[in-house]
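Have a look at the structure below, then the notes.
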Amino acid sequence: MKKFQFSLDRIKQYRMQVEEMEKNDLAALRAELARLHEEEQDILAAIAAKTDELRKIFKKGAFPNEINVANRFLTSRKLDLEMKRQEIADKNAEIEKKLEEVLEATKEVKKLEKLEEHQLEEYRKLETKENENFLEEFFGGGKREENGAATT
């Protein structure tokens, strides 16, 4: 009997490649999200530092020009923070979508793996049956000859 060959092996290999690519894309998206969170923390730190600096300026007495510059900086950084948080929300949505794609690709691979297991089980049953038939012919055929020779 010839060696077992899964009939949909090429499709399974392709689906496995797709699954791996989807997982890699998901990992890249998560890395981007981590970078965005770091940038958000940097913006928050800059806001906190400028706010602290502004408090010190107020305590010692500040010129209106200094206060105006600091306020414009804080306003700008707060807008940056809002934009960064929107980027983070968008990236989270993108990650959720990619996660669904990864799950779908994984399901497709699992279906093909189950089909392969089923085909392999059928192959083994057929192989066992062939072996039994061969043994039956080999040993059974010899007995018939002995029985046939003894009766003549």
Side-chain angles (χ1 to χ4, degrees), residues 1-56 69-152:
M1 183 167 206
K2 69 178 188 172
K3 183 180 173 186
F4 173 74
Q5 175 86 26
F6 179 47
S7 61
L8 301 174
D9 193 51
R10 287 180 132 176
I11 294 172
K12 180 183 157 199
Q13 294 304 318
Y14 171 75
R15 296 283 186 190
M16 289 172 75
Q17 287 176 345
V18 168
E19 177 189 26
E20 194 60 34
M21 287 186 328
E22 296 290 354
K23 285 180 179 180
N24 289 339
D25 291 348
L26 179 61
L29 289 173
R30 286 182 172 160
E32 287 179 42
L33 180 63
R35 181 186 53 78
L36 290 173
H37 278 297
E38 287 176 16
E39 291 174 4
E40 176 189 32
Q41 291 306 312
D42 291 344
I43 293 170
L44 287 170
I47 290 172
K50 190 53 103 172
T51 302
D52 189 44
E53 180 184 321
L54 194 56
R55 281 190 193 121
K56 288 177 184 174
V69 169
N71 279 334
R72 277 190 276 148
F73 175 82
L74 286 173
T75 302
S76 171
R77 296 310 283 173
K78 286 178 182 178
L79 284 173
D80 290 345
L81 182 61
E82 286 178 33
M83 288 176 19
K84 193 59 64 181
R85 287 184 172 162
Q86 184 59 49
E87 282 183 65
I88 288 170
D90 293 346
K91 193 60 65 178
N92 278 324
E94 198 175 342
I95 286 173
E96 286 300 315
K97 183 179 178 194
K98 184 57 70 175
L99 187 58
E100 288 176 19
E101 291 172 7
V102 167
L103 290 174
E104 189 60 36
T106 301
K107 283 180 188 177
E108 290 295 321
V109 170
K110 293 293 181 197
K111 285 179 189 176
L112 289 168
E113 285 175 346
K114 285 188 185 257
L115 183 59
E116 181 179 23
E117 287 173 21
H118 180 71
Q119 281 187 7
L120 181 59
E121 186 179 313
E122 291 297 317
Y123 171 83
R124 287 185 177 146
K125 285 179 183 177
L126 185 60
E127 185 179 43
T128 301
K129 187 137 183 113
E130 273 189 22
N131 287 340
E132 287 173 359
N133 288 341
F134 174 76
L135 291 173
E136 196 174 287
E137 269 183 40
F138 185 74
F139 291 114
K143 289 182 181 176
R144 282 187 223 140
E145 286 180 20
E146 290 175 14
N147 290 341
T151 55
T152 34

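Positions are given from 1, in the same order as the sequence printed here.
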Point-to-point distance, once rounded to the nearest 0.5 Å, from [atom1] of [X] to [atom2] of [Y]:
X: Q119; Y: E122; atom1: CD; atom2: CD; result: 9.0 Å
X: I47; Y: D52; atom1: CD1; atom2: CG; result: 13.5 Å
X: N92; Y: R30; atom1: CG; atom2: CZ; result: 10.0 Å
X: L112; Y: I11; atom1: CG; atom2: CD1; result: 7.0 Å
X: E137; Y: E130; atom1: CD; atom2: CD; result: 10.5 Å
X: L99; Y: I95; atom1: CG; atom2: CD1; result: 9.0 Å

Taking only residues two or more places apart in sequence or in another chain, which ones pass salt bridge (charged side-chain N to carboxylate O under 4.0 Å, His left out) with [X]?
X: E116; answer: K12
X: E38; answer: none
X: R124; answer: none
X: K91; answer: E32, E94

Exercise. Are K78 and E82 within salt-bridge range, i.e. N to O under 4.0 Å?
Worked result: no

Exercise. Does a side-chain N-to-carboxylate-O contact under 4.0 Å join E100 and K97?
Worked result: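 Salt bridge absent between E100 and K97.
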
What pairs with [X] under side-chain contact (heavy atoms from CB on, under 4.5 Å), at least two apart in sequence or on another chain?
X: E127; answer: M1, Y123, N131
X: K129; answer: N133
X: D90; answer: Q86
X: D80; answer: I43, S76, R77

For this session: Begin from the C-alpha positions of K84 and E87 and carry the test salt bridge (charged side-chain N to carboxylate O under 4.0 Å, His left out) through to its verdict.
Result: CA-CA 5 Å; K84 193 59 64 181; E87 282 183 65; 3.5 Å; yes

For this session: Please list all pairs passing the side-chain hydrogen bond (donor to acceptor under 3.5 Å, both in side chains) test where one or both residues lie in residues 103-113, with sequence neighbours left out.
Result: E19-T106

Exercise. Which ring-ring contact (aromatic ring centres under 6.0 Å, His included) pairs, counting each pair once, include a residue from residues 11-52, with sequence neighbours left out?
Worked result: none

Problem set entry | Partner set under side chain to side chain donor-acceptor pair (under 3.5 Å) for R85, not counting sequence neighbours | E40

For this session: Would you mind listing every salt bridge (Lys or Arg N to Asp or Glu O under 4.0 Å) that reaches into residues 1-10, with sequence neighbours excluded?
Result: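 As it turns out, there is no salt bridge (Lys or Arg N to Asp or Glu O under 4.0 Å) pair with a partner in residues 1-10 once direct neighbours are skipped.
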
Exercise. Do the non-hydrogen side-chain atoms of V109 and V18 ever get within less than 4.5 Å of each other?
Worked result: no

